[in-house]
Amino acid sequence: MAKVLIATEKPFAAAAVNGIKKIFDEAGFETVLLEKYTDKSELINAVADVDAMIIRSDKATAEVIGAAKNLKIIVRAGAGYDNIDLAAANERKIVAMNTPGQNSNAVAELAAGMMVFMARSQYKGGSGSELKGKKLGLHAYGYVPKMLAAIAKGFGMECYAFDPFISEENITADGVKVVKDLNELYTTCQYISLHIPANDKTKKSINFELMSKMPKGATIVNTARKEVIDEDSLKRMLTERPDFKYISDIAPECHAEIDGKFENRYYATPKKQGAETSEANINAGLAAANQIVGFLKNGITKFQVNKF
Ligand code: 3PG
């Protein structure tokens with residue numbers, strides 16, 4: 001009987017866990033649940049004899065993968081898989097997958113809410129501004145920004161996007177204007193929403209040179225990854241540009257240093273919150289479970305993100 005671990009330091013909603021267990025029960029698999037663990041040794045112990053695992057932002061490091069002697073597949077219930085050591089997975093021919101699109105609506109709604117929150121002086125009572133008529137720049141155009149564009153258009157925002165991996169036709173079909181490069185995106189838009197993954201090319205790529213191109217009343221919304229921001233540049237922008245605002249659900253390393261220092265211009269949620277809805281948990285969790293069943297029973301590798 002295949003054994004599947006659900007390892008979630010930040011647990012899924014109960015309904016998602018129940019749904020995942022039901023899928024594995026019906027497949028004849030055993031489910032092991034490790035939630036809210038506080039030390040990686042708990043994860044290392046839990047993976048020892050499992051065939052498959054579902055994770056969220058949990059770190060599937062080389063050490064964890066090395067300890068999982070029977071592991072055949074890891075599914076990241078979510079979009080970004082920068083938390084999986086793919087080289088370690090490749091070495092053992094372990095399939096890594098994500099569940100693209102499954103939690104995107106939750107993240108898009110959060111990003112939209114974050115724009116309103118910042119435009120309205122963090123709901124502290126001061127006069128703010130409206131989103132209507134403002135320009136929103138979508139830095140990358142995957143599932144989340146596509147959904148965010150639909151919401152933002154409802155606010156009366158003009159949407160622009162830059163994504164070299166998505167065809168111009170697909171973007172313009174959504175009523176979103178395509179710009180030729182990041183320079184144009186950042187120069188044009190008062191609001192920028194980040195949707196790039198964290199990888200060697202993108203880490204620290206949101207730097208002073210780029211951010212300082214933004215027009216007056218600039219706000220950056222980061223529901224992507226904290227690593228993509230160059231934090232010295234962020235501090236410099238907040239210090240040198242009194243109109244600049246930054247909001248994120250993944251607090252930068254320098255959070256303690258800057259929190260409370262810039263009035264209503266900086267905010268980070270206490271924990272990562274984009275995908276933190278029961279709907280997103282159910283969509284991503286159940287998709288992950290079905291992908292594991294599909295792979296272990298029928299060898300289906302759709303959504304595999306590694307090659308070996
Ligand atoms: C993702 O990559 O899917 C999001 O960042 C959500 O991450 P989470 O499952 O840790 O909330």
Side-chain angles (χ1 to χ4, degrees), residues 57 79-80 103-132 134-140 144-145 147-149 151-152 154-155 157 159-161 185-186 189-198 202 204-208 210-277 280:
S57 287
N103 58 19
S104 307
N105 187 62
V107 183
E109 287 187 11
L110 182 75
M114 284 179 152
M115 290 196 290
V116 178
F117 180 68
M118 292 309 263
R120 292 305 184 92
S121 311
Q122 300 189 359
Y123 303 155
K124 288 181 189 157
S127 180
S129 59
E130 297 179 23
L131 297 178
K132 187 174 178 180
K134 303 293 186 310
K135 296 182 167 99
L136 167 63
L138 301 159
H139 188 156
V144 176
M147 289 172 183
L148 177 58
I151 301 170
F155 285 138
M157 299 183 90
C159 298
Y160 295 78
L185 192 75
Y186 280 71
C189 300
Q190 292 96 350
Y191 286 82
I192 293 282
S193 190
L194 302 176
H195 300 287
I196 45 177
T202 61
K204 292 187 189 249
S205 65
I206 312 303
N207 54 26
F208 187 79
L210 197 57
M211 290 192 271
S212 60
K213 292 181 194 297
M214 290 181 74
K216 205 166 174 341
T219 299
I220 291 185
V221 177
N222 184 5
T223 54
R225 288 292 180 270
K226 70 177 174 193
E227 291 83 358
V228 302
I229 293 284
D230 178 66
E231 297 198 7
D232 286 338
S233 299
L234 174 64
K235 286 189 268 183
R236 187 170 164 203
M237 277 297 289
L238 286 163
T239 307
E240 293 183 11
R241 283 270 306 256
D243 65 302
F244 174 74
K245 299 178 186 175
Y246 181 81
I247 183 163
S248 182
D249 72 325
I250 11 79
E253 292 298 318
C254 64
H255 173 76
E257 196 188 319
I258 63 178
D259 191 32
K261 210 171 142 188
F262 297 101
E263 208 43 73
N264 297 333
R265 297 192 293 114
Y266 167 78
Y267 185 85
T269 58
K271 68 172 185 172
K272 192 173 169 201
Q273 212 172 300
E276 209 54 358
T277 66

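Just so we're clear, the structure is a prediction, and the values are computed from it rather than from any experiment.
- Once rounded to the nearest 0.5 Å, the distance linking CD of Glu276 with CG of Asn103 reads 10.0 Å.
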Original post:
Under the side chain to side chain contact (heavy atoms under 4.5 Å, CB included) criterion, do Leu131 and Tyr191 qualify, and how do the steps go?
Top reply: CA-CA 9 Å; Leu131 297 178; Tyr191 286 82; 3.4 Å; yes
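- Here CG of Leu110 is found 7.5 Å from CD1 of Ile247. Values are rounded to the nearest 0.5 Å.
- Of the possible polar contacts, one joining the Arg241 side chain to the Met214 backbone as a donor-acceptor pair under 3.5 Å is found.
- Rounding to the nearest 0.5 angstrom, the gap separating the CZ atom in Phe244 from the CG atom in Leu234 is 6.0 Å.
- Across all their heavy atoms, Asn264 and Met118 have their closest contact at O-CE, 3.7 Å.
- Side-chain atoms of Asp249 come within 3.5 Å of backbone atoms of Gly274 as a donor-acceptor pair (strictly under, hydrogens ignored).
- Across every non-hydrogen atom of Met147 and Ala108, the tightest pair is CB-CB, 3.7 Å.
- No side-chain heavy atom of Gln273 sits under 4.5 Å from any side-chain heavy atom of Thr223.
- The one candidate from Met115, Glu109, Met157 that meets the side-chain contact (heavy atoms from CB on, under 4.5 Å) condition with Ile151 is Glu109.
- Using modelled atom types, no side-chain atom of Gln190 and backbone atom of Gly217 make a donor-acceptor pair closer than 3.5 Å.
- With Leu194 as the partner, the side-chain contact (heavy atoms from CB on, under 4.5 Å) test is satisfied by one option alone out of Thr202, Ile206, Leu138: Ile206.
- Nearest heavy atoms, Lys272 versus Ser57: NZ-OG, 2.8 Å.
- Classification of the Tyr266-His255 ring pair by plane angle, with boundaries at 30° and 60°, yields tilted.
- Residues Ser127 and Ser121 approach most closely at O-OG, 3.1 Å, considering heavy atoms.
- Residue Asp232 holds its CG atom at 6.5 Å from NZ of Lys204, rounded to the nearest 0.5 Å.
- Between Tyr246 atom OH and Ile229 atom CD1 the span is 3.5 Å, to the nearest 0.5 Å.
- Scanning all heavy atoms of the two residues, the minimum distance from Ser193 to Leu148 falls at OG-CD2, 3.4 Å.
- The shortest side-chain heavy-atom distance between Gln122 and Phe117 falls under the 4.5 Å cut-off.
- With contacts defined as side-chain heavy-atom distances shorter than 4.5 Å, the pair Val116/Phe155 qualifies.
- Within the 4.5 Å cutoff, the side chain of Met114 has heavy atoms near those of the Thr269 side chain.
- Phe208 CZ to Lys235 NZ: the interatomic distance, rounded to the nearest 0.5 Å, is 14.0 Å.
- Open room surrounds NZ on Lys132; 12 or fewer heavy atoms of other groups in view lie less than 6.0 Å from it.
- In terms of modelled atom types and a separation under 3.5 Å, the side chain of Glu231 and the main chain of Cys254 share a donor-acceptor contact.
- For the side-chain hydrogen bond (donor to acceptor under 3.5 Å, both in side chains) test, no residue two or more places apart in sequence or in another chain qualifies with Glu263.
- Side-chain contact between Phe262 and Lys245: absent, with no pair of heavy atoms (C-beta onward) separated by less than 4.5 Å.
- Taking all atoms of both residues into account, the shortest heavy-atom contact from Ala106 to Thr277 is CB-OG1, 3.6 Å.
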